[in-house]
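This report concerns only the one structure given below.
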Amino acid sequence: MAEYDVIIIGAGPGGYVCAIRCAQLGLKTACVEGRETLGGTCLNVGCIPSKAMLHASELYHEATTNFTKMGLMGQSPSIDLPKMLEYKQDSVNSNTGGIEFLFKKNKVDWIKGYGSIPEAGKVTVGDTTHTAKHIVIATGSEAASLPGVEVDEKVVVTSTGALELSKVPNKMVVIGGGVIGLELGSVYSRLGAEVTVIEFQDAIVPGADGEIQKNFLKMLKKQGLKFELGAAVSGTTIKNKKATVSYKKRKDDSEHEIDADIVLLATGRRPYTDNLGLDALGVEMERGMIKTDGHWGTNVKGIYAIGDVIAGPMLAHKAEDEGMAVAETIAGQKGHVNYGVIPGVIYTHPEVANVGKTEEQLKEEGRKYKVGKFPFMGNARAKSHFAGEGFVKMIVDAETDRILGAHVIGPMAGDLIHEVCVAMEFGAAAEDLARTCHAHPTFSEAMREAALACGDGAIHA
Ligand code: NAI
């Protein structure tokens, strides 16, 4: 048994960042984690391994489609999936190992095992109970289940199983046209699988800007992915290591079936709070999530919650920001997260990124706005990289020119979006971005051109 100022349960991006910040602020800190390695879903079986697979499959695609156009001749590479998975695991290991190093450097104790909270101020791991003035729950989320779909992680897989396939499937059916479905669907499509995405809504990436949804769908179709929109999956059956997926088209209630070697279930995630003892403690919940106040406190004094277990987008960087902010709050500082400026990125090719409001949201709010758009076809760097597909769309207040949101589909979108995030944090107008010198030739010039388009007009469009 040991005494701490703070014990954090869960070492994903929310938990480990919170632990490091607590220690930096002089608090005696421990982090409880039951996995063999630190980093949670994101580093072990989520963001990091999927990005490794996206990177490898994208380079394969580049080699087989664009190399000869650039005078790079010779035999195209072939796919060795086990070797690719080794590369993926290496990048996971170096990242999880990095967190272990940071824990040691910052003197954060890693309590190995799964924790529960017998009462406020106490955390039990195995046979030992530790005391802590403050407890932060950062236990993340798990794939949501879908009635009639039984996951065996072999034929019917979640993202975890999809990152461990022993061979590229001939036919893959993805249930859910959200972020996970489109990222992993893209990976296997590029590696040669015939991928069909079945999505309940009439558009992919529900909640995204409408123009982005339409153009993104077109680009993915051009890449060979197939889509069944407005269709609800009602079940899967497995026979001889192959699956049949049943679905109903919403417009006419007609029943359909499709066969697949692999089915990826990607219909969302749910907060993971099992076995923490929250019921007995009387921690208030709301729609399966832990209810928190404006400072990440639960209704039980001394117990806080951050990341996927509370409201808001289930994103690693949102959890990280909350981790830092709650640490600062516990240390007596003024922790703050600006929920209006949390970017979202889909790491497909091209990438899709957004921050702030969509046109649809502004219409609903009745707010007057202007739109500035710029196509990557007008960006010299993008064109020379065969990456002229897509556009930047900036949305500003019609009267003040203040930036309200940006939506990007195109090369490096996930990096470019941060220019707008910083601008929004400073309450900038599009003119501020438009008057900022951008190096030529860079992809970032497209951001400036979209800002110019909010005023007197873009130069290269
Ligand atoms: P999601 O919520 O993004 O998409 C799920 C999709 O499944 C929705 O479009 C929904 O309409 C559809 N759906 C639900 N029931 C269905 C049914 N019966 N038949 C057909 N379609 C159905 O969830 P996803 O992709 O599983 O991701 C989970 C979480 O992880 C999300 O919050 C996401 O933001 C996060 N994530 C973020 C990443 C990133 O930032 N790049 C990468 C991977 C995950």
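First listed ligand is number 1; within each ligand, the first listed atom is number 1.
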So, are Lys226 and Glu194 salt-bridged, with charged N and O less than 4.0 Å apart? yes

Under a 4.0 angstrom heavy-atom cut-off, which atoms of ligand 1 come close to [X]?
| X | answer |
| --- | --- |
| Met314 | 32 (O), 34 (O), 35 (C) |
| Ala232 | 19 (N) |
| Leu146 | 18 (N) |
| Gly176 | 6 (C), 7 (O), 12 (C), 21 (N) |
| Ala231 | 19 (N), 20 (C) |
| Ile198 | 20 (C), 21 (N) |

Give yes or no for whether the N/O distance cutoff of 3.5 Å, strictly under, is met between [X] and ligand 1.
| X | answer |
| --- | --- |
| Gln201 | no |
| Ile175 | no |
| Ile346 | no |

Would you compute the distance between atom CD of Glu62 and atom NE2 of His349 and round it to the nearest 0.5 angstrom?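 Taking CD in Glu62 and NE2 in His349, the distance rounds to 6.5 Å.
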
Which option, [options], owns the non-hydrogen atom nearest [atom]?
| atom | options | answer |
| --- | --- | --- |
| atom 44 (C) of ligand 1 | Thr41, Thr158, Ile180 | Ile180 |
| atom 19 (N) of ligand 1 | Val197, Val233, Asp202 | Val233 |
| atom 24 (P) of ligand 1 | Gly268, Pro343, Ala316 | Gly268 |
| atom 41 (N) of ligand 1 | Val345, Leu265, Leu184 | Val345 |
| atom 5 (C) of ligand 1 | Gly148, Ala144, Gly46, Ala266 | Ala266 |

Which bit of Tyr347 gets closer than 4.0 Å to ligand 1, counting heavy atoms only: side chain, backbone, both or neither? side chain

I need the contact type for Ser141 against ligand 1. Using non-hydrogen atoms and a strict under-4.0 Å cut-off, is it side chain, backbone, both or neither?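 It is neither part, as no heavy atom is under 4.0 Å.
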
Which protein non-hydrogen atom lies closest to [atom], naming both residue and atom, and how far is it?
| atom | answer |
| --- | --- |
| atom 21 (N) of ligand 1 | Phe200 N, 3.1 Å |
| atom 1 (P) of ligand 1 | Gly178 CA, 4.1 Å |
| atom 3 (O) of ligand 1 | Val179 N, 3.4 Å |
| atom 8 (C) of ligand 1 | Glu199 OE1, 3.4 Å |

More than 12 foreign heavy atoms under 6.0 Å from CG of Asp252: is that the case here?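 Yes, because the 6.0 Å sphere around CG of Asp252 holds more than 12 heavy atoms from other groups.
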
With distance as the sole criterion, is a donor-acceptor pair present between the side chains of Thr298 and Glu284 under 3.5 Å? no

Please determine, by modelled atom types, if Thr37 and Asn44 share a side-chain donor-acceptor pair under 3.5 angstrom.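 Result is yes, a qualifying pair exists.
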
Judged by atom type as modelled, is there a donor-acceptor pair below 3.5 Å linking the side chain of [X] to the main-chain atoms of [Y]?
| X | Y | answer |
| --- | --- | --- |
| Arg269 | Ser141 | yes |
| Thr65 | His61 | yes |
| His295 | Asp293 | no |
| Asn106 | Ala23 | no |

Kindly give the heavy-atom pair with the smallest separation between Glu359 and Asp209, and that separation in Å.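 Closest heavy-atom pair between Glu359 and Asp209: N-OD2, 3.8 Å.
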
Testing Lys218, Lys383, Lys222 for salt bridge (charged side-chain N to carboxylate O under 4.0 Å, His left out) with Glu389, which one passes?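 When salt bridge (charged side-chain N to carboxylate O under 4.0 Å, His left out) is applied between Glu389 and each of Lys218, Lys383, Lys222, only Lys222 qualifies.
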
Where does the angle between the aromatic ring planes of His256 and Tyr247 fall among parallel (under 30°), tilted (30 to 60°) and perpendicular (over 60°)? parallel

